> 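Before anything else, here's the structure in question.
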Amino acid sequence: MTLKTPLHEEHQHLGARMAPFGGWDMPIQYAGILAEHAWTRSHASIFDTCHMGEFELSGPTAAADLEKLLTQQIGGMAEGACRYGYLLREDGGVLDDLTCYRLGPERFMLVVNAATTSADADWIQAHLSAQTTFHDISSQTGKLDIQGPNSRRAIEEVLQMPLPDLSYFSAREVEIANVTCLVSRSGYTGEWGYEIYLPAQETVRFWKMFLAGGAIRTAGLGARDTLRLEMGYPLYGHELSVDRSPVAASRGRFISLEKTFIGREAVENDLRKGVSHYLAGLRLAGRRAARAGDRVLAQGVEAGVVTSGSFAPSLGTAVAMAYIKNDLCRPGTQLEIATRGGTLPAEVVSLPFYKKGTARG
Amino acid sequence: MNIPENLRYTKTHEWVRIEGDTATVGITEFAQEQLGDLTFVELPAVGRAVTAGEETAVVESVKAASDIYAPLPGTVTEVNQALNEHPELINTDPYDKGWIFRIKLSDKADQSVLLDAAQYAEIAGGN
């Protein structure tokens, strides 16, 4: 079965090219990936991200349960704060990467990947105290991402009202067009922008409202992928999986060791001993792209594997993310990638690939 | 869908313009639309001998790579160098500025294997 977001018909009316993603029939592109990518970096784009999953957890034990389930620190999160981290198995395998919002003293929202929503829900519910209430609110929650350096001005113009000043990775409930929305200053593009959560039945009306002014244009999952890749952001199923340690992905970032959590022992062990391969960025010399699964070589000897790769529109060359042997992942290291079209030279570079993003303001 | 009458076509979505013993090859408007924005073109070496159906060039979009086949046997005499810096010419002008390579046809080249515009329209429309 392929799931459809509330905007499915809108995408078809706009002539979007649709393809399955994470169990959903999603728009890959409208005008074209390169144009949508460029418009997001320079103006503002709207993305249908209704496929993502949302869970609401509440109750006197919710904070303590989340502390145990997630790698990010929950204690100390102010109301409206948002933190990114991992959901781990006991052995440290990554079940998902997710953001956690504190909506009230005893109320939280988790935002998870589409393909993992159902497995996450099962895992989380199996680890909750009796006094914590869990609701999978995915189907009743719409999500629109508006991203790009002009997004604040463009939204304010469309709505004829000011948006609150929000610091990066914080959110607030805002009354928009008679609907209470959660507006979060965050995203997956590296540009200043918002993730807006709203009742699913309002999604079509809001989508049309945001597009009406012409300053905000549609962008699909194709551009979403090239934008996130240029920022070195991981995509679950590519850079992250149950077979990879979160230490290999982010070297201890997004993990708080000031608390206990499921998978902590494995994480500590990996931090102490180091792991064989780490996630790193590779910049290729030309436009030809390496793709997920391509082997990384050091003077012909096996050195790792590509997890994502594409032409990077903002850079004019191809880039890739890869798990690379720990002694070969320092920036400046010269490697090769064995692609279907031949062996391509690549240099390890620091992330993000694209350093002019406006996300943090 | 633009499928010029004066060109010949292949089932694999190449177009062919035959002038004397030379064939100019590109990909159709339908093909470029299916591929999306092109970001890289690998051109064949000039002087390379190719057989009909041989993988002769590669075009890459943001998402995928696709082979371009020689429609007829011959020798590559010229390639469109502009595509090295501007692969998007295939998207914007597939039948003219977006041409990919030229072949001097061998004596054995059998042009009857190529499709005419009407035959190709059925394939492009039927996809």
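Just so we're clear, the structure is a prediction, and the values are computed from it rather than from any experiment.
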> For K208(A), does the NZ atom have more than 12 heavy-atom neighbours from other residues, nucleotides or ligands under 6.0 Å away?
no
> Sort out for me which of A289(A), S310(A), P313(A) touches chain B most, counting heavy-atom pairs under 4.5 Å.
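If we count pairs closer than 4.5 Å to chain B, A289(A) comes out on top.
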> For chain B, which residues of residues 9-38 of chain A have at least one non-hydrogen atom nearer than 4.5 Å to it?
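Against chain B, the residues of residues 9-38 of chain A that fall inside the cut-off (heavy atoms, under 4.5 Å) are R17(A), Q29(A), G32(A), I33(A), L34(A), A35(A).
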> Between V62(B) and chain A, which part of the residue has a heavy atom less than 4.5 Å away: side chain, backbone, both or neither?
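Its backbone and side chain both get close to chain A.
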> Please report the closest heavy-atom contact between D225(A) and K63(B), naming both atoms and the distance.
OD2-NZ, 3.3 Å
> Please find the pair of heavy atoms, one from R291(A) and one from E60(B), that lie closest to each other, and give the distance.
NH2-OE1, 3.5 Å
> With a 4.5 angstrom heavy-atom cut-off, which part of R288(A) approaches chain B: side chain, backbone, both or neither?
both
> Against chain A, label N91(B) side chain, backbone, both or neither, depending on which of its atoms sit under 4.5 Å from a heavy atom there.
neither
> Do you know which two heavy atoms are closest between R287(A) and T39(B), and how far apart they sit?
NH1-O, 2.5 Å
> CG of D107(B): more than 12 outside heavy atoms within 6.0 angstrom?
no
> Got more than 12 heavy atoms from elsewhere within 6.0 Å of CZ, R48(B)?
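Above 12, so yes.
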> For R340(A) versus A65(B), what's the shortest heavy-atom pair and its separation?
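So the minimum-distance heavy-atom pair works out to NH1-CB, 3.7 Å.
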> Where does E55(B) contact chain A at under 4.5 Å (heavy atoms): side chain, backbone, both or neither?
neither
